[in-house]
Protein chains: 2
Amino acid sequence: MENIRELLQTTMIRFGLVDKNCCSINGIDISLVQSHILYEIDKRHHPSMQEIADVLAIDITTFSRQIQSLIKKELVEKRQSIQDKRVYELHLTTIGKVVATSINTQMNEYMKEVFSHMSEEEKETVIRSLSILNDSMAKSTMCCNPIR
Amino acid sequence: MENIRELLQTTMIRFGLVDKNCCSINGIDISLVQSHILYEIDKRHHPSMQEIADVLAIDITTFSRQIQSLIKKELVEKRQSIQDKRVYELHLTTIGKVVATSINTQMNEYMKEVFSHMSEEEKETVIRSLSILNDSMAKSTMCCNPIR
DNA sequence: GATTTTTAATTGCATTTTGCAAGTATTTGT
DNA sequence: ACAAATACTTGCAAAATGCAATTAAAAATC
């Protein structure tokens, strides 16, 4: 069995680098974490703060501040839930949506480039493998207990 | 083509979580980044500072301070190179070596647990796929230009 | 052989990120 | 009605980050 730790570690670092390039959209600068937050809000239906913090495994207090920063940048809106007034629903603003989409397009572009170094068959195998790995991690007790 | 960005993103986050658990060895607490540094020093032969900073894509000034912190914890030693006095060779101390090995064992344990949710065939495919992905990223211009 | 340029590493800021402890407000359970 | 749990915020204080500037040594140029 090969050294999986190393493999995953360098893969992470490299993907992180690709990811980092993606965070400047005409004048609007956001951090890597913030791009992940935008992505998750975009993907879900009016999620709560806790929900996103859990998914991204960010401490809730840090998350609270990150959201404040995104609100100041007018990319995110917080709306108090009517059913449960403790909860705030997160929404992307129009600009936020544009930024999220823009980053996503960029990232897919980058990923396409990365995958262009593979054969069609390899490409499929790799994607399927990532799914399998991801699912296995989700099942693991080592991480991901709160993370779906 | 599936959403690769999402797949990689959540895989990264999950691996990062596993990775984070690994950094406390009987009283000695180190950060995730520091565990990566120990790993890379262990792996290479008396590397220079620049070398490791490049591999891990850490800014050299940040790296310099991280090394200082690891030296203070007596996990790492810096020895001025004789051939080129600008360069400092990085060495693990005896304790440093123990810590690095301990983290590595722990991580492999965790990884084994994660991979236990797969069939033998899947396991092989996943590992091979990660290799392919890694190589493709290395070839990419998007990241990894200084990173091998 | 002297001088310029490049390279390896450190230090000084100033900013950002982080997370624990403690707090408020609301809801749920008893 | 009251206790416990939940969602979120704020106050620190520590850690991490990165740019600009510096030192020291090596390599390149003249």
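Below, chains carry the letters A, B, ... as their sequence lines are ordered, and counting in each starts from 1.
Listed by first then second residue, pairs satisfying ring pair (Phe, Tyr, Trp, His ring centres under 6.0 Å) with a partner in residues 61-83 of chain B number zero, not counting sequence neighbours. Each salt bridge (Lys or Arg N to Asp or Glu O under 4.0 Å) pair with one or both residues in residues 93-106 of chain B, not counting sequence neighbours, appears once here: Asp42(B)-Lys97(B).
Rounded to an integer number of Å, the gap from Glu51(A) CD to dA7(D) C1' is 13 Å. At whole-Å resolution of the value, CD in Gln50(A) and P in dA5(D) are 16 Å apart. Following rounding to the nearest Å, Ile52(B) (CD1) and dA8(C) (P) show an atom-to-atom distance of 14 Å. What separates CE of Met49(A) from P of dC8(D) is a distance of 6 Å, to the nearest Å. When the P atom of dA7(D) is taken as reference, atom CG of Leu90(A) falls 13 Å away, rounded to whole Å. Rounded to an integer number of Å, the gap from CG of Leu56(B) to P of dA16(D) is 14 Å. Summarising the geometry, the separation between CG on Asp54(B) and C1' on dA9(C) is reported as 13 Å, rounded to the nearest angstrom. Taking atom CZ of residue Phe63(A) and atom C1' of nucleotide dT9(D), one finds them 13 Å apart after rounding to whole Å.
Taking only side-chain nitrogens and oxygens, Lys78(B) comes nearer than 4.0 Å to OP1 or OP2 of dT10(C). Remark: Gln68(A) is in phosphate contact with dT10(D), judged by side-chain N or O atoms under 4.0 Å from OP1 or OP2. Between Ser64(B) and dT10(C), a side-chain N or O to OP1/OP2 separation shorter than 4.0 Å is present.
Judged purely by atom type and a 3.5 angstrom limit, Ser136(B) uses its side chain to pair as donor or acceptor with the backbone of Ile132(B).
Residues satisfying the side chain to side chain contact (heavy atoms under 4.5 Å, CB included) test with Lys73(B), not counting sequence neighbours, are Ile30(B), Gln34(B), Ser69(B), Leu75(B). By the salt bridge (Lys or Arg N to Asp or Glu O under 4.0 Å) test, Glu77(A) is found to be paired with Arg79(A), residues two or more places apart in sequence or in another chain being considered. Take Asp135(A) and apply the salt bridge (Lys or Arg N to Asp or Glu O under 4.0 Å) test, not counting sequence neighbours, and it matches no residue. A search for salt bridge (Lys or Arg N to Asp or Glu O under 4.0 Å) contacts involving Glu6(B) returns Lys43(A), not counting sequence neighbours. Residues passing the side-chain hydrogen bond (donor to acceptor under 3.5 Å, both in side chains) test with Tyr88(B), sequence neighbours excluded: none. For His91(B), the ring pair (Phe, Tyr, Trp, His ring centres under 6.0 Å) criterion is met by His46(B), not counting sequence neighbours. Residues passing the side chain to side chain contact (heavy atoms under 4.5 Å, CB included) test with Thr125(A) are Arg128(A), Ser129(A), Thr125(B), Ser129(B), sequence neighbours excluded.
For the 3.5 Å distance criterion, the side chains of Asn104(A) and Arg5(B) qualify, holding a donor opposite an acceptor.
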Heteroatom pairs (N/O) under 3.5 angstrom, protein to nucleotides 25-30 of chain C:
unit_1, atom_1, unit_2, atom_2, d
dT27(C), OP1, Lys85(A), N, 3.2

Next item on the list: Take nucleotides 14-22 of chain C nucleotide by nucleotide from the 5' end and write B, S or -, depending on whether a protein heavy atom sits under 4.0 Å from the base, only from the sugar-phosphate, or from neither.
Entry: ---SSBBB-
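End-to-end axis angle of the helix from dG1(C)-dC30(D) to dT30(C)-dA1(D), using five pairs per end and rounding to 10°, comes to 30°.
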